[in-house]
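Please read the structure below before turning to the comments.
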There are 2 protein chains.
Amino acid sequence: MARVKKVASQSSPARITVQEVADLAGVSIGTVSRVINNVPGVKPAVIKKVQGAIDELGWSPNIAAQNIRTSSSRMIGFIFSDIRNSLYSSMTKGAEEVLSTRGYLLVTASSDGNPEREVVLIDFFKRRRADGMILTIQEENNNAVLAAIANSGIPHVMMEREIPMGSISIGADHFRGTRQAVQYLLGLGHRRIALITGGRGTRVARDRIRALEEALASAGIEPDPNLFCIDSFAAEYGLSQTQRLMNMKEPPTALLSMGVRLLPGVLEALQLLGKKIPDDLSLICSNDTDIARIVTPQITAVRYDALALGRMAAESLIDQIEKRTHEDRPVRIEIPTELILRNSCRAISS
Amino acid sequence: MARVKKVASQSSPARITVQEVADLAGVSIGTVSRVINNVPGVKPAVIKKVQGAIDELGWSPNIAAQNIRTSSSRMIGFIFSDIRNSLYSSMTKGAEEVLSTRGYLLVTASSDGNPEREVVLIDFFKRRRADGMILTIQEENNNAVLAAIANSGIPHVMMEREIPMGSISIGADHFRGTRQAVQYLLGLGHRRIALITGGRGTRVARDRIRALEEALASAGIEPDPNLFCIDSFAAEYGLSQTQRLMNMKEPPTALLSMGVRLLPGVLEALQLLGKKIPDDLSLICSNDTDIARIVTPQITAVRYDALALGRMAAESLIDQIEKRTHEDRPVRIEIPTELILRNSCRAISS
DNA sequence: TTGTAGGCGTTATCAC
DNA sequence: GTGATAACGCCTACAA
């Protein structure tokens with residue numbers, strides 16, 4: 001403890017540079033640079049001397065100076081709506097895992113789902129000379145945002161989004177996931193299946209809607225537009241739409257709640273209405289969360305690995321930046337989903 | 001859309017510098033620099049010309065170059081165990097809010113609660129020349145970590161931690177919060193009150209334990225060491241300890257579950273044992289979460305504002321960095337907690 | 001009021 | 001193999 005205190009009280013370390021290391025080692029700065037960059041062809045004895053000097057002085061290269069020379073920041077930006085959304089914090093963790101081992105810095109930024117702020121953040125990363133970006137933008141067709149992306153000239157991958165610019169896109173297979181969920185419900189005899197989801201104008205939403213429509217069609221069921229609630233991911237939306245649905249003359253017998261934040265709202269509505277799962281309504285949610293496992297009964301879920309999504313985005317982005325896969329890289333990378341069967345759905349006899 | 005595509009397909013923007021802006025504006029680079037740094041005494045007409053050139057070229061100063069000159073990175077690091085913990089994602093959001101408006105970059109890093117990794121991350125931020133750090137370390141007394149902090153020479157604030165180095169510390173008033181919760185339980189007639197929490201060797205744990213002990217003492221109750229489970233924040237720990245507690249000859253009538261991740265474990269144990277809240281056990285949790293509000297009955301919680309904690313940490317850190325408050329700044333900043341009364345506690349007649 | 005030039009800490013291209 | 005030295009893009013005395 002005393003030792004620590006002493007260290008703590010030392011004055012701010014005078015900025016030490018290669019020059020001083022070189023002097024101490026009795027070599028030139030060029031040699032020091034060669035040593036720390038593992039340039040082959042330096043005499044082992046010299047390497048040892050230099051290492052010694054580096055350790056003794058506790059020096060490490062000034063990264064800003066490196067950046068200015070190599071014109072690369074080794075920093076990549078990740079923009080999404082809100083880090084508090086567990087989906088994004090998981091992706092962040094995954095991305096961080098691979099980026100840190102590759103010597104990149106990950107900087108996350110929350111846009112609060114505001115396109116104007118997205119533009120600001122993209123410009124910000126441009127000024128900061130980010131080497132790459134991972135983007136989960138709000139609307140795939142917002143021109144201001146698309147222009148900002150293009151104008152930035154920064155390599156990027158779209159996370160759970162797809163834009164008309166040939167950017168590489170990465171995401172879960174929501175079409176298959178939703179389709180599988182609907183198939184399961186159809187198998188249980190359900191014919192009135194409702195969907196609550198958001199992200200209008202994103203590939204995620206399109207995939208989910210199309211999956212429901214096609215599954216219904218292939219079962220010969222006419223879709224009821226009143227059962228499609230596709231305007232928001234907010235908990236309040238889940239609440240209000242569930243109330244609306246359950247108060248219909250002919251309410252749905254099953255509901256797909258697709259979006260992390262929706263589930264609490266849906267459950268609250270059901271509780272307020274005194275409706276029981278699965279007796280009054282069969283329920284399937286997306287983004288398997290703590291809540292889905294904690295409530296009684298546990299909720300059947302369409303699960304996918306957000307951590308892996310983050311990892312893959314980072315890997316794909318690095319490949320792109322370091323140009324290791326050239327022009328033959330795929331434009332779309334998908335990970336599978338998995339239907340976790342629990343007790344929130346019941347068979348109905350009709 | 002077509003327009004966007006055209007922009008997108010433009011070749012990588014040739015790195016443009018002050019020199020070119022200066023040429024276009026017909027001034028010297030010095031003048032351009034003065035303009036962007038708002039140095040007074042530049043003729044308005046010239047300012048306008050320079051601005052025009054900047055806009056036309058879409059130039060912005062290379063931050064790495066600025067950093068090397070000003071020897072400041074305007075970057076601050078935030079280390080905690082895991083961004084997926086909602087506590088930390090909320091703090092991150094709060095910190096980001098204030099840092100971004102002050103022109104700082106926030107870089108978060110997860111240590112997975114591993115002190116060795118904490119040391120690596122601290123060294124990393126040192127190499128990256130971070131202007132400051134926000135730290136939530138695992139153990140307040142780990143010498144390697146403390147030495148790394150001291151050795152880094154970087155201004156920092158301890159988040160929910162307190163170390164023997166005079167660093168400024170910021171956190172919620174867990175002592176009062178826990179004390180209030182216990183008082184409430186005592187008022188309901190409970191005498192056997194158990195505590196599950198982790199963070200051994202952190203101020204948070206100490207405050208909670210002390211609060212329970214003092215409250216019991218002031219009620220003339222002899223504390224039962226078997227009711228203190230203070231070894232981990234993990235859900236599994238919540239599960240196993242709840243089982244152990246409920247299987248005691250004389251189980252507790254009330255339980256404090258203090259830690260975000262504990263609650264799911266506690267609830268699962270109760271479910272497995274077929275125990276009901278509040279009939280078989282009165283429960284109070286910390287870190288009011290979705291889960292506490294979703295389950296039936298809803299769980300009474302000790303709430304505090306993690307977002308505000310993040311904001312305050314950032315503000316305090318900036319003050320420290322920019323030396324606006326000199327040596328008279330407080331060493332400890334606390335925010336209050338609030339007891340949210342719900343239906344998870346019952347009065348007992350004994 | 002504005003231009004010039006030196007320096008910030010590296011890397012990389014030359015010679016030696 | 002290793003040592004000078006010229007960039008990299010910007011800020012800031014100092015000079016004009």
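Proteins come first, then strands; the chains are lettered A, B, ... in the order of their sequence lines, and each starts at number 1.
Atom CZ of A:Arg34 and atom C1' of C:dT11 are 10 Å apart (whole Å). Distance, A:Gln19 CD to D:dG3 C1': 11 Å, rounded to whole Å. When rounded to the nearest whole Å, the span between CG of B:Asp23 and P of C:dG3 equals 11 Å. Computed from coordinates, the A:Ile29 CD1 to C:dA12 P distance equals 13 Å when rounded to whole Å. Summarising the geometry, the separation between CD1 on A:Ile16 and P on C:dG9 is reported as 10 Å, rounded to the nearest angstrom.
Across D:dG9, D:dG3, C:dT11, the shortest atom-to-atom separation from the side chain of A:Val27 is found for D:dG3. Nearest nucleotide to the side chain of B:Thr31, out of C:dT13, C:dG3, D:dG9: C:dG3. When distances run from any side-chain atom of B:Thr17 to the nucleotides C:dT13, D:dC11, D:dG9, the shortest one goes to D:dG9.
Counting heavy atoms from C-beta on, the side chains of B:Met91 and B:Glu160 come closer than 4.5 Å. At a threshold of 4.5 Å between non-hydrogen side-chain atoms, the residues B:Ile36 and B:Trp59 count as touching. Side chains of A:Arg129 and A:Asn67 form no contact here, defined as non-hydrogen atoms less than 4.5 Å apart. Using a 4.5 Å heavy-atom cutoff, the side chains of A:Arg128 and A:Ser73 are not in contact.
In this structure, the side-chain contact (heavy atoms from CB on, under 4.5 Å) partners of A:Glu139, at least two apart in sequence or on a different chain, are A:Pro115, A:Asn142. B:Leu307 meets the side-chain contact (heavy atoms from CB on, under 4.5 Å) test with A:Arg84, B:Lys93, B:Glu97, B:Asp305, B:Arg311; sequence neighbours excluded. Residues that satisfy the salt bridge (Lys or Arg N to Asp or Glu O under 4.0 Å) test with A:Arg74, not counting sequence neighbours, are A:Glu322. In this structure, A:Glu315 has no side-chain hydrogen bond (donor to acceptor under 3.5 Å, both in side chains) partners at least two apart in sequence or on a different chain.
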*asked:* With side-chain contact (heavy atoms from CB on, under 4.5 Å) as the criterion, how do A:Asn114 and A:Gln138 come out once you've worked through the C-alpha distance, each side chain's angles and the decisive distance to 0.1 Å?
replied: CA-CA 7 Å; A:Asn114 178 351; A:Gln138 199 64 14; over 6 Å; no
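Looking at which nucleotide of DNA chain C each of B:Ile68 and B:Gly26 is closest to, the 5′-most match is held by B:Gly26.
Distances shorter than 4.0 Å separate none of the side-chain N or O atoms of A:Thr70 from OP1 or OP2 on C:dT11. For A:Ser33, a side-chain nitrogen or oxygen approaches OP1 or OP2 of C:dT11 to under 4.0 Å. Close to D:dT2, at under 4.0 Å from its OP1 or OP2, lies no side-chain N or O of A:Ser28. OP1 or OP2 of D:dC11 has at least one side-chain nitrogen or oxygen of B:Gln66 nearer than 4.0 Å. Between B:Asn67 and C:dC8 there is no side-chain N or O to OP1 or OP2 distance below 4.0 Å.
In terms of polar N and O atoms assigned as donor or acceptor, the side chain of B:Arg69 comes within less than 3.5 Å of the base of C:dG7 in a complementary pairing. Below the 3.5 angstrom threshold, one finds no donor paired with an acceptor across the side chain of B:Arg129 and the base of C:dG9.
Residues of residues 42-64 of chain A having a heavy atom closer than 4.0 Å to DNA chain C, listed by number: A:Trp59, A:Ser60, A:Pro61, A:Asn62.
Residue A:Glu116 qualifies as open at atom CD: its count of foreign heavy atoms under 6.0 Å is 12 or below.
The residue B:Gly30 sits close to a base: some heavy atom pair falls under 4.0 Å.
If one axis is set at each end of the helix from C:dT1-D:dA16 to C:dC16-D:dG1 from five pairs, those axes are 40° apart, to 10°.
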